[in-house]
Number of protein chains: 2
Amino acid sequence: MEDSSGTTAGKGRYHHGDLRNALIDAAVGLARAGGPDAVVLRAAARRVGVSPTAAYRHFAGQPELLFAVKEAGQQRLAERMEAAVRAVPDTHPRAVEERMLAMGRGYIGFALDEPGLFRSAFCHTADDVTRLPAALSGEAPPVPGDGPAAEGLPGADADEGQFRSFRMLVEILDGLVDAGRMSPARRPGAEVTAWSMVHGLSTLVLDGPFAPLTEEQRDAAVDIALRTLVAGFTAP
Amino acid sequence: MEDSSGTTAGKGRYHHGDLRNALIDAAVGLARAGGPDAVVLRAAARRVGVSPTAAYRHFAGQPELLFAVKEAGQQRLAERMEAAVRAVPDTHPRAVEERMLAMGRGYIGFALDEPGLFRSAFCHTADDVTRLPAALSGEAPPVPGDGPAAEGLPGADADEGQFRSFRMLVEILDGLVDAGRMSPARRPGAEVTAWSMVHGLSTLVLDGPFAPLTEEQRDAAVDIALRTLVAGFTAP
DNA sequence: GTTGGATGTTCACAGCGTTAACATCCAACA
DNA sequence: TGTTGGATGTTAACGCTGTGAACATCCAAC
């Protein structure tokens with residue numbers, strides 16, 4: 001009955017079966033506990049119960065392992081944002097603004113709930129090919145499901161988390177224009193503006209000068225910032 | 001003529017004379033080149049031409065050295081912002097708005113010109129006692145020169161760079177209200193809002209999803225974001 | 001069944017942060 | 001003026017890290 005095969009995820013034998021994902025899981029655990037600096041290749045291997053050099057059969061080196069953690073973090077952030085946006089009922093008056101606020105709060109909520117993973121998701125890495133290029137020049141970003149077909153796989157291709165959240169933001173901003181709340185003249189570049197506000201808020205409250213704020217002060221500051229952002233978008 | 005004393009900054013002998021500052025300078029150099037991860041105690045000691053353990057006479061350990069680099073980075077950022085704000089002539093109509101924009105552009109300009117130092121200035125460190133507490137509860141932050149006397153020393157106490165820039169931001173926001181451009185109702189919490197936007201913009205353009213933008217796209221995005229911020233502040 | 005490529009192991013090396021024990025030198029006191 | 005003690009710097013050593021080289025194991029396909 002023992003599964004001595006390596007093709008299935010049996011944990012017993014010489015060949016692990018799914019070492020790459022096991023290492024990523026372990027590394028994500030490390031990141032959750034200690035941020036990007038805690039993503040230590042040897043520690044991940046130790047957790048999985050495998051020799052350090054085994055990791056090199058699946059990753060070029062530690063930076064690539066960290067990159068996988070980044071992708072996982074962005075994925076989870078996107079999921080959190082999606083859930084927050086979905087929680088806003090369509091029936092809500094000013095549903096678009098509310099969705100915008102919910103998205104921002106989801107973003108910051110993730111940063112506060114998963115600081116290590118959040119820091120890892122946005123930590124600097126040398127050759128961090130995180131494109132997301134034209135998008136602002138008018139072209140649509142290469143989001144999966146954008147072209148014909150290609151949909152359904154739940155795990156997704158990974159790294160698409162960044163695109164998922166970006167696409168979400170684009171839709172909400174378009175919604176603001178469609179609802180007549182935002183002048184079309186203000187629409188171009190609004191993605192950067194919105195993302196900057198929410199991301200800056202998250203990082204400054206997490207690690208920056210606003211970390212000492214009490215929970216109440218923090219929540220109030222978040223509310224004010226997001227409403228000021230919407231006020232800027234909806235200004236004439 | 002040789003200065004074999006250690007009290008002056010003679011570089012010749014057994015006792016360095018100003019090793020602490022020399023190590024900080026070296027560490028800042030490392031940070032400029034490679035960000036916070038490049039702030040390696042042994043490398044700094046090597047640059048100064050001293051044994052690694054000598055550093056422990058002046059720092060509790062590597063984290064404390066990194067902290068000194070953070071302070072230096074915040075100091076330089078504040079100087080850059082001050083210069084940018086000063087460059088706006090008082091005679092300018094809407095001088096307050098212009099100063100606001102200049103400050104933001106100075107901030108982002110520093111991030112782009114000194115990415116390693118900027119990342120170091122805002123990198124996460126465990127016991128990073130960077131208070132800046134009540135400030136939002138109405139109390140004034142403990143800025144030097146706030147109380148009676150205490151002014152003139154150019155080098156400052158260090159770490160006050162954070163307070164310097166914060167104080168600058170407060171003054172400009174107050175100016176917006178005084179000029180009647182910003183509703184007093186929007187004033188509370190505006191520091192967090194403004195700083196978040198500018199900081200988020202900087203980090204996302206530096207390391208985040210907007211890093212691939214061309215210089216033109218980047219400048220345009222910065223302009224849009226800052227103007228949206230001002231629009232939010234000056235909205236009714 | 002044999003075998004080759006994928007996968008995992010042991011060994012080794014250099015660089016890092018850090019501690020312990022020892023060396024040097026200036027400053028202050030006699 | 002001579003001695004000495006504390007501040008400052010040095011060498012040696014430990015365990016940790018990332019990583020390469022050589023070797024071992026095992027599944028899959030011939």
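Note: hydrogens, waters and symmetry copies are ignored here, and every other heavy atom, side chains too, is used. Source: prediction; values computed, not measured. By convention in this document, chain letters (A, B, ...) are assigned in the order of the sequence lines, proteins followed by strands, and residues within each chain are numbered from 1.
- Regarding A:Glu64, its CD atom lies at a distance of 14 Å from the C1' atom of D:dT19, rounded to whole Å.
- Rounded to whole angstrom, the span from the CZ atom of A:Arg42 across to the P atom of C:dC11 amounts to 13 Å.
- In the set D:dG18, D:dA22, C:dG17, the nucleotide with an atom closest to the side chain of A:Leu41 is D:dG18.
- Comparing A:Ala60 and B:Gly49 by the nucleotide of DNA chain D whose heavy atom lies nearest to each, the residue mapping closer to the 5' end is B:Gly49.
- Per the geometry, OH belonging to B:Tyr56 stands 19 Å off C1' belonging to D:dA7, to the nearest Å.
- In this structure, the CZ atom of B:Phe59 is 16 Å from the P atom of C:dT19, given to the nearest Å.
- With rounding to whole Å, A:Arg57 atom CZ is found 10 Å from D:dC23 atom C1'.
- One atom, CG of A:Asp18, and another, C1' of C:dA6, lie 15 Å apart when rounded to the nearest Å.
- Summarising the geometry, atom CZ belonging to A:Phe67 is positioned 13.0 Å from atom OG belonging to A:Ser120; distances are rounded to the nearest 0.5 Å.
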Run the numbers on A:Val192 and B:Gln217 for side chain to side chain contact (heavy atoms under 4.5 Å, CB included), then give the verdict.
CA-CA 11 Å; A:Val192 182; B:Gln217 289 176 318; over 6 Å; no
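- Evaluation of the salt bridge (charged side-chain N to carboxylate O under 4.0 Å, His left out) rule for A:Glu64 yields no partner, not counting sequence neighbours.
- Look at CG on B:Leu65: it is 14 Å from C1' on C:dC16, rounded to the nearest Å.
- A heavy-atom distance below 4.0 Å to DNA chain C is reached by none of the residues of residues 23-38 of chain B.
- In terms of polar N and O atoms assigned as donor or acceptor, the side chain of B:Thr53 comes within less than 3.5 Å of the base of D:dT11 in a complementary pairing.
- The aromatic rings of A:Phe210 and B:Trp195 sit perpendicular to each other, their planes meeting at more than 60°, with 30° as the lower class boundary.
- At the phosphate of C:dG8, OP1 or OP2 sits under 4.0 Å from a side-chain N or O atom of A:His58.
- Atom C1' of nucleotide D:dC16 and atom CD of A:Gln62 are separated by 14 Å, given to the nearest angstrom.
- Between A:Phe118 and A:His199, the ring planes are tilted. Angles from 30° to 60° get that label.
- Remark: B:Arg46 is in phosphate contact with C:dC16, judged by side-chain N or O atoms under 4.0 Å from OP1 or OP2.
- D:dC30 and C:dG1 make up a base pair, with Watson-Crick or G-U wobble contacts both under 3.5 Å.
- Nearest nucleotide to the B:Pro52 side chain, out of D:dT19, C:dT9, C:dT18: C:dT18.
- Note: B:Glu82 CD to B:Met103 CE = 11.0 Å, rounded to the nearest 0.5 Å.
- A salt bridge (Lys or Arg N to Asp or Glu O under 4.0 Å) check over residues 101-121 of chain B, counting only residues at least two apart or in different chains, returns the pairs B:Arg32-B:Glu114, B:Arg80-B:Asp113, B:Arg105-B:Asp223, B:Arg119-B:Asp207.
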